[in-house]
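Because the structure is a prediction, the values reported are computed rather than measured. Note on naming: letters A, B, ... go to the chains in the order of the sequence lines (proteins, then strands), and numbering restarts at 1 for each one. When reading the values below, keep in mind they use all heavy atoms of this one structure, side chains included, and skip hydrogens, waters and symmetry mates.
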Amino acid sequence: MSIALSEQEIIRRESLKQLRALGINPYPAEAFDVNAWAQDITDNFANKPEAYQNVVIAGRIMTRRIMGSASFAEIQDSTGRIQIYLKRDDICPDEDKTLYNTVFKKLLDLGDYVGVKGYVFLTQTGEISVHVRELIVLSKSLKPLPVVRRDDEGNIYDAFTDPEMRYRQRYVDLTVNPAYKQIFVNRSKVISSMRNYFNAQGWMEVETPILQPVHGGAAARPFATHHNTLDMPLFLRIANELYLKRLIVAGFDGVYEFGKMFRNEGMDRTHNPEFTAMEIYVAYKDYIWMMAMVEECLETVAKAVHGIPVVQVGNNEINFAGPYEKLSMYDSILKYTGIDVSAMDEAALRETCAELKIEVNPTMGKGKLIDEIFSAKVEHNLIQPTYITDYPIEMTPLAKKHRTKDGLVERFELFVNGKEIANAYSELNDPIDQRERLEEQLVLAGRGDDEAMAMDDDFLRALEYGMPPTSGLGIGIDRLVMLMTNQSTIQEVLFFPQMRPEKKARVATADDFINAGVPAEWVPVLNKMGFNTVEELKAGNPNKVFNDLGGMRKKLKLDITMPAKEVVMAWFE
RNA sequence: GAUUCCGUAGCUCAGCUGGUAGAGCAUAACACUUUUAAUGUUGGGGUCCUGGGUUCGAAUCCCAGCGGGAUCACCA
């Protein structure tokens, strides 16, 4: 954080001091209870004008139009904007016109929070407005907000669009671009409607460890950390699957968890290092049952957000009402490439990949090769919700072997708009099979596959005690929200997407300057003059610095004592 | 990780073949009692992302770095 302030910031700090000098607390402690909101007033005033004769509203000043002894301003609260009308002699009925002439016209700025008491009326031009009887300062804003202007047709001028600033300063983004708040409202609806649906079925929301000694349940590189007291390595979870299954072993019928997962991998418009997943496990069910459940669940979610199960995503209208198309992995490849890979061995698959011009590497096993073909040739075709079922056993160490088809497992993934959003199995509950499958993963790891799954002995011990037949499902919540809100990047559905750290200007702390003998009030002035460290200052010309300090004092109209020349000279010793 | 584009006032952006940095809004001052992208007049405001290089002279050209976007690769 730079110490040097812009001209506008200095002016606002000066206004803050003057408010205090007038006996006005710019950050009052008392609650300010409102009884009306902008949206409510604009929607309902015409029908019930008598209900809006004593309104109390609060929010930020977003525009201001001053015309002598009358002014208009717009107040933005959580629901929108409403115009207020201030008349000098109404808010200052006595001789003292300070509140209007000084406080409102001079000391308040765009972005300040104020409270307003008054009555709603219609202006000559027909705009619903609040005629202010009383104006209360609630919070002074010291940094100017970007000003986004809109005209009558809703055209936007000077939009605040820089993605970097929008994501780093989401509070500014959502203040000046309030339309984006709807994405997060809808995100909340997605999660709450899903939670309500699960609870209605009698399943229980649980929490499982985020810090895990073994990172299991998925194939991904983890974030590693360390616990000091136990002096042991711990990993941020890449999945919670193995813990939820332990709870099925423990005797719960249905458990689910919404939670953050952490994967130490690339970032792009569909990947953030931490993301939200929902996993659910239901005992005595299989993946066929799960498909019907997902259809019902997603239809419920789509209706909660849009009122109907049809969602516009880009150029596609996606219909979340089931049943969804079902296609086996092998059939889907056959359908989109004309090639039957179901009987191929690893060598034949490599040859097929070469023919299809798909890049592969030697660490890839049979399952991975099939997945490559699927990703390259099939995935992007799956626009309407489609289940891809019955995966090769090699890619899926935690799913149960297919009841009738050798070499496959009972698994489906749900694809929508060309992207995977859900993954489900008939869960593997044969402890001996599970141990062998995890051992095969260790072999893959030995070949150099750094995402092969790790062995979890405690999980295997749990299975040995016995887990009922169970079906499990994972849904990527961020990607589901992207679909439900028609967004093409994950950053738009996360309040605070991961960013590289902001570059800090090389700035010494104020204390460093004070230790060098500089009075505290002059430190910002030196910063303003371009001296960000004591070393830079000492490298300067003492006489020039002394003269410039006087210049800055005059220019910035600073009301602080000029240091004696000897004092300034001492800074350079 | 690769390719490519971008980084100039609080915000949105101009700035040509290199010649002392511009606009609109915001901000400051004055005027104005129903405006609404308010208006009129007059001011102030800049580490041109950082560091090197070329040059008499760099916001501009070259190199490196930092940050961001897009595309691709990777990615259950």
Side-chain angles (χ1 to χ4, degrees), chain A residues 2 4-12 14-15 63-74 81 83-90 105-106 109-111 121-127 129 131 142-168 172 176 217-221 238-239 241 261 263-271 277 359 361 367-368 371 374-375 391 395-399 411 413 420-423 450-451 453 474 476 488-489 491 499-506 527-532 536 555-557:
Chain A
S2 169
L5 298 175
S6 70
E7 181 192 33
Q8 293 194 45
E9 290 173 294
I10 291 169
I11 290 167
R12 283 176 181 232
E14 192 51 41
S15 299
T63 67
R64 200 164 45 156
R65 294 177 285 279
I66 296 173
M67 283 154 299
S69 57
S71 296
F72 293 88
E74 281 178 294
R81 293 188 183 188
Q83 178 168 273
I84 63 171
Y85 172 64
L86 292 101
K87 209 165 150 184
R88 183 187 64 202
D89 296 338
D90 281 3
K105 281 170 71 173
K106 311 275 188 206
D109 292 290
L110 300 187
F121 75 111
L122 224 47
T123 64
Q124 282 184 0
T125 54
E127 174 140 351
S129 306
H131 190 124
L142 295 182
K143 283 180 94 67
L145 287 168
V147 177
V148 178
R149 292 171 305 148
R150 298 169 178 80
D151 65 16
D152 280 343
E153 284 81 48
N155 299 314
I156 291 179
Y157 303 83
D158 299 337
F160 179 70
T161 54
D162 179 2
E164 179 173 3
M165 285 203 288
R166 287 191 48 231
Y167 301 153
R168 285 193 197 279
V172 173
V176 303
R221 279 174 298 183
I238 57 175
E241 169 157 0
M261 306 298 155
R263 297 189 183 177
N264 206 340
E265 293 175 344
M267 294 163 55
D268 60 31
R269 66 191 182 290
T270 55
H271 296 82
E359 280 186 38
N361 68 59
K368 191 89 174 163
D371 191 40
F374 176 81
S375 301
Y391 285 62
M395 356 176 2
T396 316
L398 299 172
R411 170 185 186 181
E413 288 188 321
E420 180 217 333
I421 65 158
N423 182 21
D450 60 358
E451 290 176 340
M453 225 171 272
S488 56
T489 72
Q491 285 91 343
M499 302 287 278
R500 282 197 164 80
E502 280 183 83
K503 191 175 57 172
K504 291 219 170 71
R506 236 175 343 101
N527 292 146
K528 185 80 187 167
M529 284 160 61
F531 297 113
N532 287 323
E536 285 172 23
K555 187 171 162 191
L556 299 175
K557 301 191 177 79

Visitor: What's the gap between rA23(B) and rC48(B) when it is taken at their C1' atoms, as a whole Å value?
Guide: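 Roughly 16 Å separates the two C1' atoms.
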
Visitor: Ignoring backbone atoms, establish whether R500(A) has a side-chain N or O less than 4.0 Å from OP1 or OP2 of rG67(B).
Guide: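 Answer yes for this pair, as a side-chain N or O of R500(A) is under 4.0 Å from OP1 or OP2.
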
Visitor: Under 4.0 Å, heavy atoms only, any strand: does I66(A) hit a base, just the sugar-phosphate, or nothing?
Guide: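 Base contact.
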
Visitor: Of all the choices, rG68(B), rU35(B), rC30(B), which nucleotide is nearest to the side chain of M67(A) once you look at every atom?
Guide: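 Of rG68(B), rU35(B), rC30(B), rU35(B) is nearest to the side chain of M67(A).
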
Visitor: Toward the 5' end of RNA chain B, which comes first, T270(A) or R64(A), by nearest nucleotide?
Guide: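 On the 5' side of the pair lies R64(A).
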
Visitor: Are rA37(B) and Y157(A) stacked, with the base six-membered ring and the side-chain ring centres under 5.5 Å apart and planes under 30°?
Guide: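 The base of rA37(B) is stacked with Y157(A) (centres under 5.5 Å, planes under 30°).
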
Visitor: Who does rC61(B) pair with, Watson-Crick or G-U, both distances under 3.5 Å?
Guide: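 When the pairing criteria are applied, rG53(B) turns out to be the nucleotide that pairs with rC61(B).
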
Visitor: Hey, does the side chain of R65(A) come within less than 4.0 Å of rA38(B)'s phosphate (OP1/OP2), counting only N and O?
Guide: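 Yes.
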
Visitor: Taking the side chain as everything from C-beta on, heavy atoms only, tell me whether R500(A) gets closer than 4.5 Å to E164(A).
Guide: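 In short, these two side chains do not touch, never coming nearer than 4.5 Å.
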
Visitor: Measuring from L142(A):CG to Q8(A):CD, what's the distance to the nearest 0.5 Å?
Guide: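 So the gap between those two atoms works out to 12.5 Å.
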
Visitor: Could you tell me how far rG65(B) sits from rU3(B) if I compare only their P atoms? Round to whole Å.
Guide: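 Comparing P positions in rU3(B) and rG65(B) gives a spacing of 11 Å.
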
Visitor: Using the C1' atom on both, measure rA64(B) against rU54(B) and round to a whole Å.
Guide: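 Per the computed distance, 15 Å lies between those C1' atoms.
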
Visitor: I'd like to check D268(A) versus H271(A) (side-chain heavy atoms, cut-off strictly below 4.5 Å). Are they in contact?
Guide: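 Yes; the side chains approach each other to less than 4.5 Å.
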
Visitor: Ignoring backbone atoms, test whether R88(A) places a side-chain nitrogen or oxygen under 4.0 Å from the OP1 or OP2 oxygen of rU33(B).
Guide: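 No, R88(A) has no side-chain N/O under 4.0 Å of OP1/OP2 on rU33(B).
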
Visitor: Expressed in angstrom and rounded to an integer, what is the separation of M267(A) atom CE from rC72(B) atom C1'?
Guide: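 Taking atom C1' of rC72(B) as the reference, CE of M267(A) is at 17 Å.
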
Visitor: Quantified in whole Å, what is the C1' atom distance between nucleotide rA9(B) and nucleotide rU4(B)?
Guide: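 Result for the C1' pair: 29 Å, nearest Å.
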
Visitor: Give a yes/no on whether any side-chain N or O of R269(A) is located under 4.0 angstrom from OP1 or OP2 of rC72(B).
Guide: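 Indeed, a polar side-chain atom of R269(A) lies that close.
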
Visitor: Would you indicate, yes or no, if rC30(B) has its OP1 or OP2 atom less than 4.0 angstrom from a side-chain nitrogen or oxygen of K105(A)?
Guide: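 Negative; the distance criterion is not met.
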
Visitor: I'd like the C1' distance from rC16(B) over to rG10(B), given in whole Å.
Guide: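 The answer is 29 Å between these two C1' atoms.
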
Visitor: In whole Å, what separates the P atom of rU41(B) from that of rG57(B)?
Guide: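 My reading of the P atoms in rU41(B) and rG57(B) gives 43 Å.
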
Visitor: Rounding to an integer number of angstrom, what distance separates rU39(B) and rU34(B) when you compare their C1' atoms?
Guide: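 Those two atoms are separated by 14 Å.
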
Visitor: Side chains of P146(A) and M165(A): does their closest heavy-atom pair fall under 4.5 Å?
Guide: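 Heavy-atom side-chain distance check fails, nothing below 4.5 Å.
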
Visitor: Any ion pair linking R411(A) and E413(A) (charged N to carboxylate O, less than 4.0 Å)?
Guide: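 Between R411(A) and E413(A) there is a salt bridge, with a charged N closer than 4.0 Å to a carboxylate O.
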
Visitor: By the 4.0 Å heavy-atom rule, please label D371(A) as base, sugar-phosphate, or nothing.
Guide: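 D371(A): no heavy atom of the nucleic acid under 4.0 Å.
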
Visitor: Among rU34(B), rG67(B), rG44(B), which is the nearest nucleotide to the side chain of E7(A)?
Guide: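 Nearest listed nucleotide: rG44(B).
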
Visitor: Nearest whole angstrom, please: distance from the C1' of rG45(B) to the CD of Q8(A).
Guide: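 From Q8(A) CD to rG45(B) C1': 8 Å.
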
Visitor: Does any nucleotide pair with rC13(B) by Watson-Crick or G-U wobble geometry, both distances under 3.5 Å, and what is it?
Guide: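 The base-pairing partner of rC13(B), which may sit in any strand shown, is rG22(B).
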
Visitor: Is T489(A) close to Q491(A) at the side-chain level, that is, under 4.5 Å between some pair of heavy atoms?
Guide: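 Counting from C-beta outward, Q491(A) and T489(A) do come under 4.5 Å.
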
Visitor: Base, sugar-phosphate, or nothing: which does R149(A) touch, judged by heavy atoms less than 4.0 Å apart?
Guide: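 Counting heavy atoms under 4.0 Å across all strands, the contact made by R149(A) includes a base.
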
Visitor: For rC74(B) versus rC63(B), give the span between their P atoms, rounded off to a whole number of Å.
Guide: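 Comparing P positions in rC74(B) and rC63(B) gives a spacing of 30 Å.
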
Visitor: I need the K106(A) NZ to E14(A) CD distance, nearest 0.5 Å.
Guide: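 K106(A) NZ to E14(A) CD: 14.0 Å, rounded to 0.5 Å.
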
Visitor: Under a 3.5 Å cut-off for both contacts, is rG43(B) paired Watson-Crick or G-U wobble with anything, and if yes, with which nucleotide?
Guide: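 In the structure as shown, rG43(B) has rU27(B) as its Watson-Crick or wobble partner.
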
Visitor: Regarding Q83(A), tell me which of base, sugar-phosphate or nothing describes its non-hydrogen contacts under 4.0 Å with the strands shown.
Guide: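 Base, at least one base atom sits under 4.0 Å.
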
Visitor: Now, which nucleotide makes the Watson-Crick or G-U wobble pair with rA70(B), with each of the two distances under 3.5 Å?
Guide: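 The base-pairing partner of rA70(B), which may sit in any strand shown, is rU3(B).
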
Visitor: What contact category does F121(A) fall into here, base, sugar-phosphate, or nothing, at under 4.0 angstrom with non-hydrogen atoms?
Guide: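 The answer is base, as F121(A) lies within the cut-off (heavy atoms under 4.0 Å) of a base atom.
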
Visitor: Write down the distance between CD1 (I84(A)) and C1' (rU33(B)), rounded to a whole number of angstrom.
Guide: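 Atom-to-atom, I84(A) to rU33(B), this comes out as 16 Å.
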
Visitor: From the options rC75(B), rC11(B), rG10(B), select the nucleotide whose nearest atom is closest to the side chain of E265(A).
Guide: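 Shortest atom-to-atom distance from the side chain points to rC75(B).
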
Visitor: Any side-chain N or O of R411(A) under 4.0 Å from OP1/OP2 of rA76(B)?
Guide: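 False: R411(A) side-chain N/O out of range (4.0 Å or more) of rA76(B) OP1/OP2.
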
Visitor: For A159(A), which contact category applies under a 4.0 Å heavy-atom criterion: base, sugar-phosphate, or nothing?
Guide: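 Sugar-phosphate contact only.
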
Visitor: Considering only side-chain heavy atoms of F160(A), which listed nucleotide, rC75(B), rU12(B), rA76(B), is closest?
Guide: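 Nearest to the side chain of F160(A) among the choices is rU12(B).
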
